[in-house]
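Note on naming: letters A, B, ... go to the chains in the order of the sequence lines (proteins, then strands), and numbering restarts at 1 for each one.
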Amino acid sequence: MNAYNFAYLDEQTKRMIRRAILKGVAVPGYQVPFASREMPMPYGWGTGGVQVTAACLVPEDRLKVIDQGADDTTNAVSIRKFFQKTAQVAVTEKTGEATIIQTRHRIPEQAMTEDQILVYQVPIPEPLRFLEPSEVETRKMHALEDYGLMHVKLYEDIARHGEIATAYAYPVKVEGRYVMDPSPIPKFDNPKLESSALQLFGAGREQRIYAVPPYTRVVSLDFEDHPFDPSKAPHPCALCGAEDSYLDEVITDDAGSRMFVCSDTDYCASRREDAA
Amino acid sequence: MTPLLDVQGLSKHYGGRIGCADVSFRLYPGEVLGIVGESGSGKSTLLNCLAGHLGPDSGQVIFDTRGDGPRDVLTMSEPERRMLGRTDWAFVHQNPRDGLRMRISAGGNVGERLMAVGARHYGEIREAAADWLGRVEIAEARIDDRPSAFSGGMQQRLQIARNLVTGPRLVFMDEPTGGLDVSVQARLLDLIRGLVRRMGLSAIVVTHDLAVVRLLADRLMVMKDGHVIETGLTDQVLDDPQAPYTQLLVSSVLQV
Amino acid sequence: MYVAVKGGERAIDNAHAWLAEERRGDLGVAEMSIAQIREQLALAVARVMAEGSLYDPDLAALAIKQARGDLIEAVFLIRAYRTTLPRFGASLPVETDKMACDRRISATFKDLPGGQILGPTFDYTHRLLDFALAAEGLAPAPAPQAAAAPDRLPHVTDFLAREDLIQPEADGSATPRDLTREPLDFPADRPLRLQALTRGDEGFVLSMAYSTQRGYGRNHPFVGELRIGRVDVEMDIPELGFAIELGEVVLTECETVNQFMGSKTEPPQFTRGYGLVFGQSERKAISMALVDRAMRWEELGEDNVGAPAQDQEFVLYHSDNVQATGFLEHIKLPHYVDFQSELELIRRLRAEAAASQTQEAAE
């Protein structure tokens with residue numbers, strides 16, 4: 001496997017991506033345009049996250065890849081294999097042992113540390129996109145901090161449903177400045193966006209990178225009288241008994257019986273090991 | 001007394017054609033200025049230059065800001081101008097579709113300006129929206145309906161509520177009664193007059209309809225071919241027009 | 001006892017093995033060679049090279065074979081491979097008036113210097129299935145030969161330009177931005193728009209062009225000239241101090257001549273749309289020229305009538321089939337975490353609605 005450079009991308013490209021990452025870290029929540037490359041996996045399947053991971057990886061790293069919180073979902077397996085093949089880095093399923101974690105749609109339950117990087121795969125980086133389709137306009141809105149429309153959307157939710165009807169990709173304001181899409185994580189995960197770890201977001205098709213540096217203030221948008229509520233299904237995990245983790249609902253038979261289990265497979269397995 | 005708006009030598013050309021030429025005037029707090037003229041006279045160009053929708057070629061538009069006193073709006077940064085546009089200034093379009101969000105509820109339309117300047121209490125925003133719907137004679141029960149379900153007159157009243165909710169100090173109106181039935185026009189004019197007087201608003205109203213300015217405006221400016229050809233108190237200009245063109249304009253109305 | 005689903009890794013390996021078997025098909029049927037695809041499916045190869053933005057017929061043929069004939073998948077393979085190629089430099093602009101033309105037609109003049117050359121076209125064939133092709137082993141009768149066209153065939157638009165009848169295009173001396181090396185940025189200038197169109201999906205560009213003909217941004221095009229043939233590719237070698245020929249590529253070029261009624265400041269004049277595509281691909285080249293012309297409304301002082309083809313953000317963001325396919329198909333990836341949170345939201349909203357109804361009934 002010497003036909004490709006370490007972690008697939010050539011060094012020039014990695015430097016270009018690192019410059020975008022550094023700019024993103026310097027301006028938290030700001031979407032930095034970058035010249036996204038065509039990757040050997042389809043757009044929408046994590047090309048942005050893969051490029052960010054490739055630009056961050058060093059041979060000593062230990063990589064964990066999750067999709068929906070699980071290490072063994074097909075897309076997670078495929079991306080992990082890609083880096084095993086092209087970078088020969090060590091991999092792990094343990095959140096605590098990983099130096100870089102690439103994720104799709106979840107933040108690990110176990111708190112992350114200053115020595116770790118969390119890389120998110122982002123499909124649509126623009127939180128205002130479904131209110132305003134033009135990129136020229138949305139960039140102007142960010143530049144001018146013109147975010148009234150975002151709250152109009154939340155107002156309409158409450159007027160119609162009695163609450164803010166956004167369950168995932170719940171918009172946040174970063175360090176009091178930029179409104180940011182935290183990628184389609186469930187809103188349950190939003191409080192974990194204030195973290196000790198460096199968080200990087202890569203959107204390949206949309207050619208954007210953004211970042212939330214460690215200890216950055218991240219506030220989920222809400223109203224004073226309708227505060228943000230990171231709720232989840234009111235059940236404990238049927239496998240490990242955890243009451244503080246995000247749960248998947250699993251249908252177990254034809255009659256529609258169901259059970260709730262941790263979406264974070266490593267968290268669930270560790271708890272069961274500890275209990276045993 | 002410091003004028004609220006002090007306009008000096010404002011000109012705008014479209015290629016070789018004159019939009020408006022060397023327009024100067026002052027507007028004092030609490031005053032309503034009417035700008036009349038036929039279509040193509042430059043009155044809409046002037047209004048759009050004043051409101052920052054068009055960039056004039058030369059001139060100054062000095063506004064007495066709340067924080068920093070008189071400042072030339074044309075040299076302000078875009079964020080400052082936008083902030084002005086959603087706080088101290090309001091713009092009522094002739095076509096309510098241009099000034100409303102048609103896919104957002106009436107309450108959301110009124111609440112948008114409040115949220116844009118930082119209101120974050122849903123109950124209070126909704127209360128203010130309901131209050132303003134009442135003031136423009138829209139039943140509170142319609143608060144969650146979209147403007148697309150409203151009549152033309154209601155849409156125009158909603159647009160006015162949406163504009164006035166932040167208590168602006170200067171309102172621009174572009175043919176506010178255009179396109180409405182005569183009976184609806186009368187009711188709307190009456191409403192606008194009541195609001196302007198009660199809130200002590202300063203306003204610039206552009207129209208081709210002399211009945212509108214007779215009812216609303218303290219002073220008049222008559223425009224033709226991009227130039228201001230006559231100014232004065234409304235009654236004075238309408239009852240004793242000096243310029244031949246104004247005489248024609250007034251007499252043509254009286255004939256109707 | 002429920003055990004969380006495992007084994008994604010083995011499932012993937014097995015799926016790949018099955019795919020390889022299906023790709024080969026019935027072992028009793030001879031395997032296709034790359035050369036066969038390159039020679040006999042040449043137009044598919046051309047499309048993959050054009051949309052893959054990589055001129056290499058053998059690689060394109062390999063991609064088509066590997067993709068089981070799915071051309072968008074083949075384009076994707078080519079693009080992913082292209083990413084890894086180091087860039088040594090840029091060629092000089094190709095000189096299409098020195099093209100060795102296989103085909104060269106003009107719809108705006110009956111005859112012209114160099115003549116109309118029909119070349120290998122489907123245009124006048126009757127679209128009847130030729131069952132003789134089903135019987136293999138028949139070589140076609142040799143086509144009659146003619147003397148080669150002159151070395152230089154002037155462009156039709158040059159004749160119009162001599163009379164000032166067509167708007168001149170300024171020489172762009174600046175190096176254009178490179179779509180594959182810089183993020184897309186708006187407003188996109190014409191070189192950038194043309195790059196996006198030439199690698200855009202043929203179906204998308206065709207439909208956009210067609211929509212302008214049906215009235216969504218109509219611009220009255222004539223095909224001033226369409227030419228297909230080989231051009232030399234040259235590159236300046238700094239160490240040598242002169243340009244050397246690297247090879248040749250087949251290109252299709254289309255220049256449309258469009259009506260322009262003039263404005264207050266400009267007299268009526270024809271304007272241009274431009275299309276240039278790898279390989280023999282005239283449907284794409286003509287489509288590209290129409291869409292190029294539609295997006296030039298602003299520079300030419302025309303009205304934006306709100307037609308999709310006039311909206312450069314719309315066209316450029318949606319023309320790339322590798323982006324479109326990937327994002328479209330990603331919705332089949334697991335989304336159960338998001339779905340779970342939606343499920344909980346809907347349940348809660350329904351429960352609240354039911355509760356308030358019960359309460360109203362009670363009152």
Side-chain angles (χ1 to χ4, degrees), chain A residues 3-5 8-10 33-45 47 67-70 72-78 81 104-106 123 134-136 161-163 165 167-169 184-188 205 207-208 231-233 238-239 246-250 252 259 261 263 265 268, chain C residues 1-9 11-12 15 53 76-87 178-187 311 313-314 317 320 322-331 333-349 352-353 356:
Chain A
Y4 294 109
N5 192 31
Y8 191 74
L9 294 171
D10 61 282
F34 83 111
S36 174
R37 297 294 194 256
E38 326 248 17
M39 299 301 284
M41 59 273 298
Y43 286 111
W45 301 54
T47 53
D67 181 357
Q68 316 290 305
D72 61 347
T73 37
T74 48
N75 200 44
V77 170
S78 157
K81 269 190 160 178
R104 178 168 173 265
H105 296 190
R106 275 308 315 273
S134 164
E135 175 71 12
V136 171
H161 306 294
E163 64 176 276
Y168 61 92
I185 55 173
K187 66 177 178 173
F188 172 81
R205 191 179 40 79
Q207 307 185 313
R208 296 290 182 270
S231 66
K232 56 143 194 150
L239 298 180
Y246 191 76
L247 302 173
D248 295 334
E249 182 172 335
V250 184
T252 50
M259 62 189 292
V261 298
S263 123
T265 48
C268 196
Chain C
M1 161 91 191
Y2 170 81
V3 180
V5 191
K6 283 267 180 195
E9 198 151 348
I12 289 178
S53 296
F76 181 15
L77 289 168
I78 291 296
R79 291 267 192 94
Y81 178 72
R82 183 186 190 277
T83 291
T84 66
L85 299 176
R87 175 165 302 200
D178 183 341
L179 190 64
T180 66
R181 284 292 183 273
E182 289 171 46
L184 189 55
D185 185 17
F186 290 95
D311 183 341
E313 270 198 73
F314 183 83
Y317 269 132
D320 191 292
V322 177
Q323 291 180 352
T325 300
F327 196 57
L328 180 99
E329 296 193 1
H330 106 282
I331 62 174
L333 285 177
H335 279 83
Y336 55 77
V337 162
D338 295 346
F339 185 72
Q340 182 66 41
S341 52
E342 289 278 82
L343 206 56
E344 283 160 23
L345 178 67
I346 296 288
R347 277 192 186 127
R348 197 166 57 243
L349 293 179
E352 280 162 16
S356 71

Asker: Between C/L184 and chain A, with a heavy-atom cut-off of 4.5 Å, which part of the residue counts as in contact: side chain, backbone, both or neither?
Answerer: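 Answer is both: backbone and side chain atoms of C/L184 are under 4.5 Å from chain A.
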Asker: Out of curiosity, A/D248 CG to C/F339 CZ, how far, rounded to the nearest 0.5 Å?
Answerer: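 A/D248 atom CG to C/F339 atom CZ measures 12.0 Å (nearest 0.5 Å).
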Asker: Please name the pair of heavy atoms, one in C/F327 and one in A/P123, separated by the smallest distance, quoted to 0.1 Å.
Answerer: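 Heavy atoms only, the tightest pair is CE1-CB, 3.5 Å.
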Asker: If you compare all heavy atoms of A/E135 against all heavy atoms of C/Y317, which two are closest, and at what distance to 0.1 Å?
Answerer: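 Between these two residues, the closest heavy atoms are CG-OH, 3.6 Å.
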Asker: Report which part of C/Y336 has an atom under 4.5 Å of a heavy atom belonging to chain A: side chain, backbone, both, or neither.
Answerer: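 Interface part for C/Y336: both.
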Asker: For the atom pair OG1 (C/T84) and CG (A/N5), what is the distance rounded to the nearest 0.5 Å?
Answerer: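 Reported to 0.5 Å precision, the distance equals 10.5 Å.
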Asker: Say you draw a straight line from CD of A/E249 to CZ of C/R347; how long is it, rounded to the nearest 0.5 Å?
Answerer: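 Here the interatomic distance stands at 4.0 Å.
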Asker: Is chain C contacted by the side chain of A/T73, its backbone, both, or neither, given a heavy-atom distance below 4.5 Å?
Answerer: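 Interface part for A/T73: side chain.
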Asker: Side chain, backbone, both or neither: which part of C/R82 has an atom under 4.5 Å from a heavy atom of chain A?
Answerer: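 For C/R82, no heavy atom lies under 4.5 Å from chain A.
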Asker: Please classify the contact of C/F314 with chain A as side chain, backbone, both or neither, using a heavy-atom distance under 4.5 Å.
Answerer: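 No part of C/F314 comes within 4.5 Å of chain A.
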Asker: Check each atom of A/Y246 against the heavy atoms of chain C and say whether the ones under 4.5 Å are side chain, backbone, both or neither.
Answerer: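 Side chain only.
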Asker: Select, from C/Q323, C/E352, C/E182, C/R348, the one with the greatest count of heavy-atom pairs under 4.5 Å involving chain A.
Answerer: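 Highest number of pairs under 4.5 Å: C/Q323.
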Asker: Quick check on C/E344 against chain A: is it the side chain, the backbone, both or neither that has a heavy atom closer than 4.5 Å?
Answerer: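 Looking at C/E344, just its side chain touches chain A.
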Asker: Atom NE2 of A/H105 and atom NE2 of C/H335: how far apart are they, to the nearest 0.5 Å?
Answerer: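 If we round to the nearest 0.5 Å, A/H105:NE2 and C/H335:NE2 are 4.5 Å apart.
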Asker: Quick check for you: to the nearest 0.5 Å, what is the distance between A/S263 atom OG and C/Q340 atom CD?
Answerer: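 It comes to 9.0 Å.
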Asker: Heavy-atom cut-off 4.5 Å, strictly under: side chain, backbone, both or neither for C/E329 against chain A?
Answerer: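 Both parts, backbone and side chain.
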Asker: Once you round to the nearest 0.5 Å, how far does CZ of A/R106 lie from CG of C/D338?
Answerer: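 So the CZ of A/R106 and the CG of C/D338 are separated by 10.5 Å.
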Asker: Heavy-atom pairs under 4.5 Å with chain A are the metric here; pick the option from C/G326, C/P183, C/A15, C/P187 that has the most.
Answerer: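 Maximum pair count with chain A is reached by C/P183.
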Asker: Which answer fits A/L9, side chain, backbone, both or neither, if we ask what part of it has an atom under 4.5 Å from a heavy atom of chain C?
Answerer: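 Only the side chain of A/L9 comes within 4.5 Å of chain C.
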Asker: Relative to chain C, which segment of A/K81 carries a heavy atom at a distance below 4.5 Å: side chain, backbone, both, or neither?
Answerer: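 Contact with chain C is through the side chain of A/K81 alone.
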Asker: So what's closer than 4.5 Å to chain A heavy atoms on C/E313: side chain, backbone, both or neither?
Answerer: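 C/E313 touches chain A through side-chain heavy atoms alone.
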